[in-house]
There are 2 protein chains.
Amino acid sequence: MASREPDDLPSPSLAGGFAGLLARLMHNLPEDQIRALSGIARLRDIPRGTEVVTEGSPPDEIGYLIGGALGMQKCLPDGRTHIIGLLVPNDIYGRLFNGPAAYDIVALTEARVLAFPRAPFERILEASPEIERRFLVNVLDELDSAREWILLMGGHKIIERLASFLVILLRRTLRGSGPRPAEAPVRVRIPIRRTDLAHYLGTTPESISRALHELESQAILRLLNAYEIEIADLPGLVRISGADHLGPE
Amino acid sequence: MASREPDDLPSPSLAGGFAGLLARLMHNLPEDQIRALSGIARLRDIPRGTEVVTEGSPPDEIGYLIGGALGMQKCLPDGRTHIIGLLVPNDIYGRLFNGPAAYDIVALTEARVLAFPRAPFERILEASPEIERRFLVNVLDELDSAREWILLMGGHKIIERLASFLVILLRRTLRGSGPRPAEAPVRVRIPIRRTDLAHYLGTTPESISRALHELESQAILRLLNAYEIEIADLPGLVRISGADHLGPE
DNA sequence: CGGTAACATTGACGATGGTCAATGCGATGA
DNA sequence: TCATCGCATTGACCATCGTCAATGTTACCG
């Protein structure tokens, strides 16, 4: 049970104009500003493993992730790397006005981004406070996401952390895709390898594997293959993720 | 070895004018805007245990922490609480333009803050893009702090997490206080109780205690009392923490 | 079609740390 | 001064998880 490619590009067939995407990204913006932004946007496909942003160097672009997954990671002195943030479609990366990046950003899968060259983007922001405020709100949301991860990492048992991860992944995956599919079993794609996921959750691939199969044996989910799972009991997953831990299962 | 009061107010004897503080908070701002901000600022002393911001309700003020410690915490369905962020002097809290707070903010010790009523603060921000951009940069820094914590929580052994915590605490405590005292033993005050610290690091008070005394037995630090420690071997502490950065700032 | 590479899984074992219970210590108040 | 309260510490025990080694599975390449 192992497929070698976690890659997953939903291939949004957008032909030239990004106005729709941008409108969703920063809704309620005046028409002319949407047009100004889409004028400098460039669609880029990024092969897996590419370093999109390198720690210590000021990033030369702001990116809006459309497909695939990016990981923010930090290399420790002992050679190991730690993933400290996962970017899924609809996330933004890059820094503004704010010096060099503090972390590497690496494509964990093949990825597709809408890239804004940094300088023109900043000029547009300076010229239009509405966009800047929209961006500020986006950063505040990122901050909430980060705090959510801190909460996740506080879970003692890794099955709790894994459940939290899946809940968050589910929510973020569904985010931005129309109406919520009510209460049917939902399929989710884990966009990264076990090793990366393990680093992300502060554990090991072996423990990830065991926890996943433990969840399967509890009928919380089904493992279709190494990267596709089907959530069969979402309330149960949520319960494990943080609420209930009185009895020993 | 236990003193009941972790409280600690450095008592900045500022008499009426906050211009100096504000100038440091948002340096490079024009004089008139500093004055506009200090016009609406209010100094508040907050007793320990007070809920400064309550989850779910839009905060009615933006705060700049001067003394003491605030904790951002989340109450889980099972009644436990998790600390997901620690605010030390020079930190900012509060949300702008952005809906209700996602977490409680509680005074872990007696604390002193410079409070800006939300509405006038937002008006000043809307009227002056410089301040707004400054605030954006501050939020981006907060985001970096949060990611730093995620990295910290990824450490497998709690002695690593504790060492990371102490390194970060040291840096944040020193931040904003003049030049660095070169290589002498540094005294640091842990501003919170063992239980809170344990929740923060995703562990238990017992393990915190053991890790602290383990560090002492390695001559990395000395425990003066439950809340005051003296860092005797900073490089050693950094080495154990796994990271290699003790940035300036 | 094999063969190999890359990754996931599984099992065994030992270390780390969570849990429970008991004890120590400092502050506060009668 | 003593009693008590809140918290920190310490010790014993055992569940959990990290580590190492072996095996299973899939994709890719000759």
Side-chain angles (χ1 to χ4, degrees), chain A residues 1-8 47-49 78 80 82 108-110 153-163 189-217 221-229 240 245-249, chain B residues 1-8 48-49 78 80 82 108-110 153-163 165 189-217 221-229 240 242:
Chain A
M1 222 187 285
S3 82
R4 261 185 70 199
E5 282 305 316
D7 296 10
D8 176 28
R48 169 174 164 190
D78 60 13
R80 292 181 309 173
H82 245 293
L108 298 175
T109 74
E110 194 170 339
M153 296 295 286
H156 296 171
K157 295 195 283 190
I158 68 141
I159 203 173
E160 292 175 10
R161 297 210 286 261
L162 179 61
R189 182 178 191 87
I190 300 174
I192 55 180
R193 294 171 306 171
R194 294 285 185 272
T195 304
D196 290 327
L197 180 53
H199 282 159
Y200 197 15
L201 299 183
T203 181
T204 61
E206 293 93 332
S207 293
I208 294 287
S209 188
R210 280 187 257 267
L212 271 173
H213 288 265
E214 170 66 22
L215 285 177
E216 186 173 40
S217 82
L221 53 79
R222 289 203 317 133
L223 291 159
L224 306 181
N225 62 55
Y227 296 100
E228 301 270 358
I229 64 175
I240 289 181
H245 115 341
L246 291 187
E249 284 91 27
Chain B
M1 223 185 285
S3 80
R4 260 185 71 198
E5 284 304 317
D7 295 9
D8 176 29
R48 168 174 165 189
D78 61 9
R80 294 179 307 174
H82 246 293
L108 297 175
T109 72
E110 195 168 341
M153 296 294 286
H156 296 171
K157 294 195 284 190
I158 68 140
I159 204 173
E160 292 175 11
R161 297 210 286 259
L162 180 61
F165 169 81
R189 182 177 192 87
I190 299 173
I192 54 179
R193 294 170 306 171
R194 292 286 185 272
T195 304
D196 290 326
L197 181 53
H199 283 159
Y200 198 16
L201 299 183
T203 181
T204 61
E206 295 92 331
S207 293
I208 294 288
S209 190
R210 281 187 258 266
L212 272 173
H213 287 267
E214 170 66 21
L215 284 176
E216 186 172 41
S217 82
L221 52 79
R222 289 203 317 132
L223 291 159
L224 306 180
N225 62 55
Y227 297 100
E228 299 272 357
I229 64 175
I240 289 181

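Quick caveat, the model's predicted, so the values are computed rather than measured. Numbers restart at 1 for each chain; the letters A, B, ... are given by sequence-line order, proteins then strands.
- In this model, the phosphate group of C:dC7 is not approached by any side-chain N or O of A:Tyr227 to a distance below 4.0 Å at OP1 or OP2.
- Without hydrogens or angle criteria, A:Glu216 side chain to A:Leu223 main chain gives a donor-acceptor distance under 3.5 Å.
- The side chain of B:Thr203 places no N or O atom within less than 4.0 Å of a non-bridging phosphate oxygen (OP1 or OP2) of C:dG17.
- Nearest nucleotide to the B:Arg194 side chain, out of C:dT9, C:dG18, D:dT9: D:dT9.
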Strictly under 3.5 Å: I want the nitrogen or oxygen pairs between protein and nucleotides 11-13 of chain C, one per line.
residue: C:dG11; atom: N7; partner: A:Arg210; partner atom: NH1; Å: 3.1

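- Listed here is the closest heavy atom pair of B:Arg193 and B:Arg48: CD-NH2, 3.3 Å.
- As rounded to whole Å, 14 Å separates atom C1' of C:dA8 from atom CG of A:Asp196.
- With a 4.5 Å cut-off on side-chain heavy atoms, B:Arg194 and B:Leu212 count as touching.
- In this structure, the separation between CG on A:Leu197 and NE2 on A:His199 is 10.5 Å, given to the nearest 0.5 Å.
- Put simply, B:His213 has a side-chain N or O that comes within less than 4.0 Å of OP1 or OP2 on D:dT10.
- The side chain of A:Arg48 sits closest to C:dC7 out of C:dA8, C:dC7, D:dA8.
- Atom CD of residue A:Glu160 and atom CG of residue A:Leu201 lie 12.5 Å apart, to the nearest 0.5 angstrom.
- For D:dG6, the OP1/OP2 oxygens have no side-chain nitrogen or oxygen of B:Arg193 closer than 4.0 Å.
- Taking 4.0 angstrom as the limit, A:Ser207 places none of its side-chain polar atoms (N or O) nearer than this to OP1 or OP2 of D:dC17.
- To the nearest angstrom, P of D:dG18 lies 10 Å from CZ of B:Arg161.
- As judged by a 4.0 angstrom heavy-atom cut-off over every strand, B:Ile208 is placed among residues making no nucleic acid contact.
- Using a 4.0 Å cut-off between charged side-chain N and carboxylate O, A:Glu228 and A:Arg189 make a salt bridge.
- The separation between A:Ile240 atom CD1 and D:dT16 atom P is 13 Å, rounded to whole Å.
- Listed pair B:Ser209 / D:dA8 fails the phosphate criterion, with no side-chain N or O lying under 4.0 Å from OP1 or OP2.
- Put simply, the side chain of A:Ile229 does not reach to within 4.5 Å of the side chain of A:Leu215, judged on heavy atoms.
- Counting heavy atoms from C-beta outward, B:Glu206 and B:Arg210 have side chains that approach closer than 4.5 Å.
- A distance of 4.5 Å separates CD1 in B:Ile158 from OG1 in B:Thr203, rounded to the nearest 0.5 Å.
- For the pair B:Ile190 CD1 and D:dA8 P, the computed distance is 10 Å after rounding to whole Å.
- A straight line from CD of B:Glu160 to P of D:dG18 spans 12 Å, rounded to a whole angstrom.
- At its two ends the helix from C:dC1-D:dG30 to C:dA30-D:dT1 runs along axes set 20° apart, each axis drawn from five pairs and the angle rounded to 10°.
- Distances shown here put every side-chain N or O of B:Thr204 at or beyond 4.0 Å from the OP1 or OP2 atom of C:dT19.
- When the P atom of C:dC25 is taken as reference, atom CG of B:Asn225 falls 14 Å away, rounded to whole Å.
- We find that CG of B:Leu212 is positioned 11 Å from P of D:dA8, with the value rounded to whole Å.
- Distance check, rounded to the nearest 0.5 Å: CD1 of A:Ile208 to CD1 of A:Ile190 gives 8.5 Å.
- Looking at the side chain of B:Lys157, the nearest of the listed nucleotides C:dA8, C:dG17, C:dT19 is C:dG17.
- As a whole-Å value, the separation of B:Leu223 CG from D:dT10 C1' is 14 Å.
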